[in-house]
Peer 1: 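Encoded as structure tokens, here's the structure I'll be asking about.
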Amino acid sequence: MYSVELGGVTKRYPGGGRDPVVALDDIDFAAEPGEFVAVVGPSGSGKSTLLNVLGLLDDPTSGRRLLSGTDVTALSVAERTAARKESIGFVFQDFHLLPTLTAVENVALPTAFDPGDESDRAVDLLDRFGLGDRLAHEPAELSGGQKQRVAIARSLINEPAVLLADEPTGNLDTDTGESILAEFERVKAEGVAVVAVTHDPLVERYADRVVELTDGVLAGSAAERRSMADEGTVAGAGEMMAPGEMTGPGGMIDPEQTTGGSE
Amino acid sequence: MSLTAWRPAVAMAARNLRRNRVRTVLAVLGVCIGVLAVASLGILGNVLALGADDAIGDVGTQVVLSPNADAGVEALSENDVDSIRRAVGEPAVVPLYTDNAIVEGTTDRSFATVYGVERPALAFEAAEGQLPDRHRGGAIVGANVADELGVGVGDTVDVAGTQVRVVAVLVGTETFSPVAPDDAVFLPTSAFDADGYDQVLIVADSGAAAGAAATAVRERVNARQERVDVFELGAIVDEIEGFFDLLGTFLLGLGGISLVVAGVSILNVMLMSTVERREEIGVMRAVGVTRRDVLRVLLAEAGLIGALGAAVGTLLTVVVVAAVVVATPAVDAGLVLDPTNGYYLLLALGFGVGVGLLSGAYPAWKAANERPVEALRS
């Protein structure tokens with residue numbers, strides 16, 4: 001069973017003109033427990049949209065979405081919020097810690113409004129990420145690497161199935177970025193699927209698998225692996241690759257291709 | 001929904017308010033001024049009404065009947081008085097002869113109303129001497145007349161050329177009444193040589209009883225013929241009280257305007273603060289904090305501003321009112337300490353908190369319902 005799975009997911013946004021913008025075009029994606037998947041691609045290729053759809057922050061226009069085998073394609077706002085708290089951890093490029101809360105309180109934020117006190121678990125997590133002496137510090141008193149460690153600890157407070165990271169090393173120097181990636185290694189060792197969207201070549205080195213997203217179409221190792229497993233479907237893999245080749249990396253979405261893709 | 005659900009929200013709200021102290025203090029100050037205005041103007045109106053109530057006193061408990069000259073009735077006969085007594089029942093019925101005369105003391109003279117009354121104790125109260133059960137001899141002098149002439153019990157006054165000994169001086173009423181006992185001298189009925197009474201005074205225990213008596217007279221004594229004019233002071237008292245109610249409402253409304261302004265300032269502060277914290281709120285929503293909890297945090301912020309401003313404003317009102325009472329001897333401290341003024345303090349306190357919550361509601365709702373994916377897009 002995959003931790004998170006997308007089947008034939010398309011995401012369209014209403015465009016400025018007549019044609020909608022297709023951010024994700026018939027995507028098949030899955031991550032296993034304990035797998036670290038890096039999603040790379042040029043700006044505007046739909047990486048953030050993919051992460052938002054995976055993270056239940058945004059709904060797909062069509063296709064299926066599963067979280068630990070449960071269909072979560074169409075949930076109400078409240079159900080999505082609950083599912084995020086239950087199964088998903090987020091790590092952002094800008095850390096996104098609340099400035100008024102201490103490290104421990106930031107880590108416990110997802111559970112702050114629930115009965116019961118999770119600060120013990122928050123302290124444990126911070127200890128594990130080497131911040132045992134920074135528990136009562138506010139974000140302003142922490143370095144970038146420390147903030148991102150607090151953010152990772154926060155993403156793990158509810159023992160999620162998936163950790164979604166948006167440019168987790170984007171605001172960090174190389175050494176700090178490397179140490180953060182080393183933390184992801186430990187996270188995935190606990191059976192959490194890690195999906196990181198990144199520009200950073202360093203992340204690709206740490207990932208088990210790298211998939212490339214170009215103009216809303218997935219390519220790379222995921223597609224290759226599936227085509228290899230599925231014997232005699234070289235043509236199918238070729239189809240998946242084709243649109244990316246047609247538009248080229250970083251190219252604008254071709255309206256004709258858009259309509260073709262949605263048919 | 002239990003209060004414990006609000007505790008983390010209130011704690012988080014308190015920290016958010018501390019983040020921008022100047023802005024918070026200014027918003028609190030706005031509510032504080034609004035509450036001060038509502039409470040102090042409310043109390044002012046109430047004190048005015050209480051003062052007026054005091055001045056009008058028990059006038060509202062009296063009904064004055066006089067012969068209806070339009071119907072050709074020149075005076076009220078014993079029969080009329082009997083039928084009035086039967087009609088009103090419980091309240092005391094005091095028929096009066098009325099005349100005007102020059103009253104002379106030892107040194108001064110004064111123009112006074114002279115009444116002939118048989119049972120003065122039913123309607124009046126003596127400050128000096130004793131009111132006889134049946135008035136058979138001597139003069140009962142109103143407070144102002146006694147004061148002007150410089151006479152007391154045992155002195156002799158000259159009423160229209162007749163020497164009469166003063167047997168009692170009435171308590172000054174300082175109230176508005178058509179009988180005006182302060183400026184009158186009361187003689188026994190035997191001093192008058194008249195066919196009938198010029199006025200009949202009905203003295204009831206309460207304004208309601210007076211009103212009922214007036215109605216009874218209209219319905220029963222005047223049933224066949226409009227024999228008496230009913231002058232009911234209760235109606236005037238009602239009108240005066242109505243005026244003070246209106247004045248009080250008007251003053252509260254004035255104070256309310258400043259509270260509305262304070263509400264707008266909270267609205268502004270909360271909108272600004274939620275726009276500034278858009279990303280933070282987006283993060284909270286992304287990591288699984290429910291819309292309701294986000295709403296609670298923001299409502300708690302607005303509510304805290306309102307509550308803090310209201311509490312300070314209420315205390316300030318107490319101080320200001322106390323200072324005014326101390327500085328102005330004309331203000332009767334008893335009226336200010338009247339428990340009904342506490343009601344205005346509570347009202348203002350409640351308004352302050354309510355304004356906070358009300359003006360925080362829209363920004364809170366707006367922020368809580370923003371899609372986290374929009375809020376996080378930076």
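Residue numbers begin at 1 in each chain, while the letters A, B, ... track the order of the sequences. Only a predicted model underlies this, so the values are computations on that prediction, with no experimental measurement involved.
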Peer 1: Decide yes or no for B:V283 and A:R154: does some side-chain heavy atom of the first lie under 4.5 Å from some side-chain heavy atom of the second?
Peer 2: yes

Peer 1: Answer with side chain, backbone, both or neither: which region of A:D58 has an atom nearer than 4.5 Å to a non-hydrogen atom of chain B?
Peer 2: both

Peer 1: At a 4.5 Å cut-off on heavy atoms, which part of B:R285 comes close to chain A: side chain, backbone, both, or neither?
Peer 2: both

Peer 1: Could you measure the distance from the CG atom of A:D114 to the CG atom of B:D293? Nearest 0.5 Å is fine.
Peer 2: 7.5 Å

Peer 1: Mind checking whether B:L376 and A:H96 have side chains closer than 4.5 Å, heavy atoms only?
Peer 2: yes

Peer 1: Please name the pair of heavy atoms, one in A:L109 and one in B:M12, separated by the smallest distance, quoted to 0.1 Å.
Peer 2: CD1-CE, 3.8 Å

Peer 1: Do you know which two heavy atoms are closest between A:A78 and B:R291, and how far apart they sit?
Peer 2: N-NH2, 4.4 Å

Peer 1: Please check if the number of heavy atoms outside B:R7 that lie under 6.0 Å from its CZ is greater than 12.
Peer 2: no

Peer 1: Below 4.5 Å from any heavy atom of chain B, which atoms of A:I88 appear? Answer side chain, backbone, both or neither.
Peer 2: neither

Peer 1: State whether B:R15 and A:E105 are salt-bridged, where the test is any N-O pair (Lys NZ or Arg NE/NH1/NH2 against Asp/Glu carboxylate O) under 4.0 Å.
Peer 2: yes

Peer 1: I'd like to know whether CD of A:E86 has more than 12 heavy-atom contacts from other residues, nucleotides or ligands below 6.0 angstrom.
Peer 2: no

Peer 1: Show the numbers, then the answer: is there a side-chain contact (heavy atoms from CB on, under 4.5 Å) between B:T290 and A:F113?
Peer 2: CA-CA 9 Å; B:T290 60; A:F113 298 93; over 6 Å; no

Peer 1: Looking at A:F90 and B:A286, what are the two nearest heavy atoms and their distance?
Peer 2: CE1-O, 3.3 Å

Peer 1: In terms of heavy-atom contacts, does CZ of B:F351 have more than 12 from other residues, nucleotides or ligands at under 6.0 Å?
Peer 2: no

Peer 1: Between A:R84 (side chain) and B:G288 (backbone), is there a donor-acceptor pair under 3.5 Å?
Peer 2: no

Peer 1: Atom OG1 in A:T81, atom CE in B:M284: separation rounded to 0.5 Å?
Peer 2: 12.0 Å

Peer 1: Distance from B:I281 atom CD1 to A:L98 atom CG, nearest 0.5 Å?
Peer 2: 9.5 Å

Peer 1: Check the surroundings of atom CZ in A:R121: do more than 12 heavy atoms from other residues, nucleotides or ligands lie under 6.0 Å from it?
Peer 2: yes

Peer 1: Which atoms form the tightest heavy-atom contact between B:P8 and A:A112, and what is the distance?
Peer 2: CB-O, 3.4 Å

Peer 1: Is the number of heavy atoms from other residues, nucleotides or ligands under 6.0 Å of A:Y13 OH greater than 12?
Peer 2: yes

Peer 1: At their closest point, which heavy atom of B:R371 faces which heavy atom of A:L57, and how far apart are they?
Peer 2: NH2-O, 4.0 Å

